[in-house]
Amino acid sequence: MKTIFRDKNFITLQDWSKEEIDTLLEVSFDLKKKFALGVDTPYLKNKTAMLMFFEQSTRTRNSMEAGLAQLGGHANFLDTSTMQVSHGEVAKDTAIILSRYGHMIACRYCDWGIGNEYLNNLAKWSTAPVLSLQDDLYHPMQGIADLMTIIEKREIIKNLKVSIIWAYATSHKKPISVPVTQSLLFPRYGMDVTLAYPEGYELPDWVVEQARKNAEKQGGSFKITNDMEVAYTDADVVIPKNWGSWVNDQSDEIIDDELESYKDWKCSEKMLAKADDNVIYMHALPADRGNEVEDSVIDGPHSIVYDEAENRLHTAKAVMALTMGGK
Ligand code: CP
């Protein structure tokens with residue numbers, strides 16, 4: 001078991017060894033149990049975190065703020081539209097100053113081609129750990145909560161059939177960071193992952209290459225299909241979710257003819273019936289109800305979306321406890 005995490009950045013789980021992720025999961029389960037029992041966990045007493053948000057959030061912001069309070073520390077919520085970064089202050093200056101005031105900088109910045117680079121720039125200059133709250137490429141906070149949830153619901157995860165499936169949505173042009181993170185992470189735990197999307201919604205080639213390498217190392221598999229039915233058939237876990245066509249089209253336009261031609265990529269009861277009888281339906285939320293998924297599915301007996309969202313709290317606390325405190 002790895003024990004030394006202090007000041008480690010959390011920008012992509014690819015930078016965390018499997019042993020380190022195993023520790024993160026163990027700490028998450030321990031914190032969850034203590035939360036259930038009402039046991040105090042003041043591991044980060046008098047510690048302060050700076051949470052920078054360039055975009056909206058419900059789960060990420062509140063799991064971090066509530067989580068740090070429960071660990072005895074304090075989180076400063078920073079709406080970047082009210083910070084000097086909106087007047088052009090560079091990442092270097094922001095990182096040096098904020099890390100002198102507190103013990104961690106976390107940031108959500110999902111602009112395509114900009115977000116991940118900005119976070120890495122913060123990390124280069126910060127003297128405190130930098131945590132991702134989602135960028136254009138990765139959402140490690142979501143990935144680790146999803147992994148914890150799958151382990152809870154399906155004890156044996158080796159060769160579990162997990163399908164990450166593109167779904168139609170019109171709410172906004174969503175980042176690719178959730179499917180990228182899941183595609184890279186789940187094969188590291190030996191799962192048999194199928195990634196399904198209609199033409200035009202590819203993930204970057206390097207993601208597919210790395211996901212296949214991760215699968216090979218752990219005895220899992222990583223397959224791609226353009227056929228939604230193939231992905232649903234006999235799946236143990238389905239994760240139908242929209243992402244934008246960022247790899248092929250960098251415009252901010254939400255709705256175009258290509259998107260409209262894939263309206264049938266919806267998680268319906270009919271599709272779910274093709275999966276294993278005990279299939280679990282997951283979604284990082286927010287869901288575009290009626291487009292990505294039928295209400296009867298997300299509110300139905302196979303859905304575990306609220307347990308999945310709750311685990312964002314326990315895993316966020318584990319990430320903070322290990323990187324801001326500990327040894
Ligand atoms: N899943 C997720 O990151 O939710 P928020 O956008 O509400 O933070």
Side-chain angles (χ1 to χ4, degrees), residues 10-13 24 28 49-70 75-81 104-112 114-116 118-119 130-150 152-153 162 164-167 169-186 237-244 246 252 254 267 280-289 291-293 297-298 303-320:
F10 187 72
I11 295 176
T12 167
L13 284 159
L24 187 50
S28 302
M50 311 294 174
L51 312 184
M52 297 174 64
F53 280 87
F54 284 81
E55 288 100 12
Q56 301 89 332
S57 167
T58 297
R59 280 141 290 270
T60 306
R61 174 181 175 180
N62 289 291
S63 58
M64 293 291 288
E65 287 197 38
L68 190 47
Q70 289 162 23
N76 284 6
F77 170 72
L78 303 170
D79 173 346
T80 57
S81 70
M104 179 266 276
I105 302 175
C107 182
R108 167 172 286 194
Y109 197 175
C110 297
D111 275 8
W112 181 256
I114 297 174
N116 181 255
Y118 184 82
L119 262 73
V130 171
L131 277 47
S132 170
L133 302 177
Q134 188 176 19
D135 64 29
D136 51 329
L137 298 179
Y138 305 110
H139 196 354
M141 289 288 185
Q142 186 65 50
I144 193 67
D146 290 345
L147 180 59
M148 180 185 189
T149 311
I150 293 173
E152 274 181 339
K153 303 291 178 187
V162 179
I164 301 163
I165 308 168
W166 184 90
T170 56
S171 51
H172 67 290
K173 190 166 173 179
K174 301 186 190 196
I176 62 171
S177 49
V178 172
V180 166
T181 300
Q182 293 166 340
S183 295
L184 294 172
L185 179 62
F186 297 164
V237 180
V238 294
I239 315 177
K241 187 198 174 303
N242 176 260
W243 62 86
W246 292 108
D252 286 327
I254 301 166
C267 184
I280 52 176
Y281 164 86
M282 299 178 72
H283 193 297
L285 303 180
D288 190 341
R289 284 170 175 257
N291 284 327
E292 287 180 294
V293 58
V297 170
I298 195 168
S303 174
I304 56 161
V305 294
Y306 300 124
D307 291 343
E308 180 184 0
E310 182 194 324
N311 282 339
R312 291 292 309 271
L313 173 72
H314 310 300
T315 48
K317 285 164 71 174
V319 175
M320 289 190 280

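Only a predicted model underlies this, so the values are computations on that prediction, with no experimental measurement involved. Numbering of ligands and ligand atoms starts at 1, following listing order.
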Quiz prompt | Validation row: Val237, Phe186 side chains within 4.5 angstrom (heavy atoms) | solution = no
Self-check item: Side-chain heavy-atom pair Glu292, Ile298 within 4.5 angstrom cut-off
Solution: no
Self-check item: With sequence neighbours excluded, residues passing side-chain hydrogen bond (donor to acceptor under 3.5 Å, both in side chains) with Asp136
Solution: none
Quiz prompt | Set of side-chain hydrogen bond (donor to acceptor under 3.5 Å, both in side chains) partners for Ser177, sequence neighbours left out | solution = Gln134
Practice problem: Output all residues satisfying ring pair (Phe, Tyr, Trp, His ring centres under 6.0 Å) with His283, sequence neighbours left out; order by chain, then residue number. | Solution: none
Practice problem: Would you mind checking if Lys174 and Asp288 are paired as a salt bridge, meaning a charged N to carboxylate O distance below 4.0 Å? | Solution: no
Exercise. For ligand 1, list the protein residues that place a heavy atom within a distance below 4.0 Å of one of its atoms, sorted by chain and number.
Key: Ser57, Thr58, Arg59, Thr60, Arg108, His139, Gln142, Ala284, Leu285, Arg312
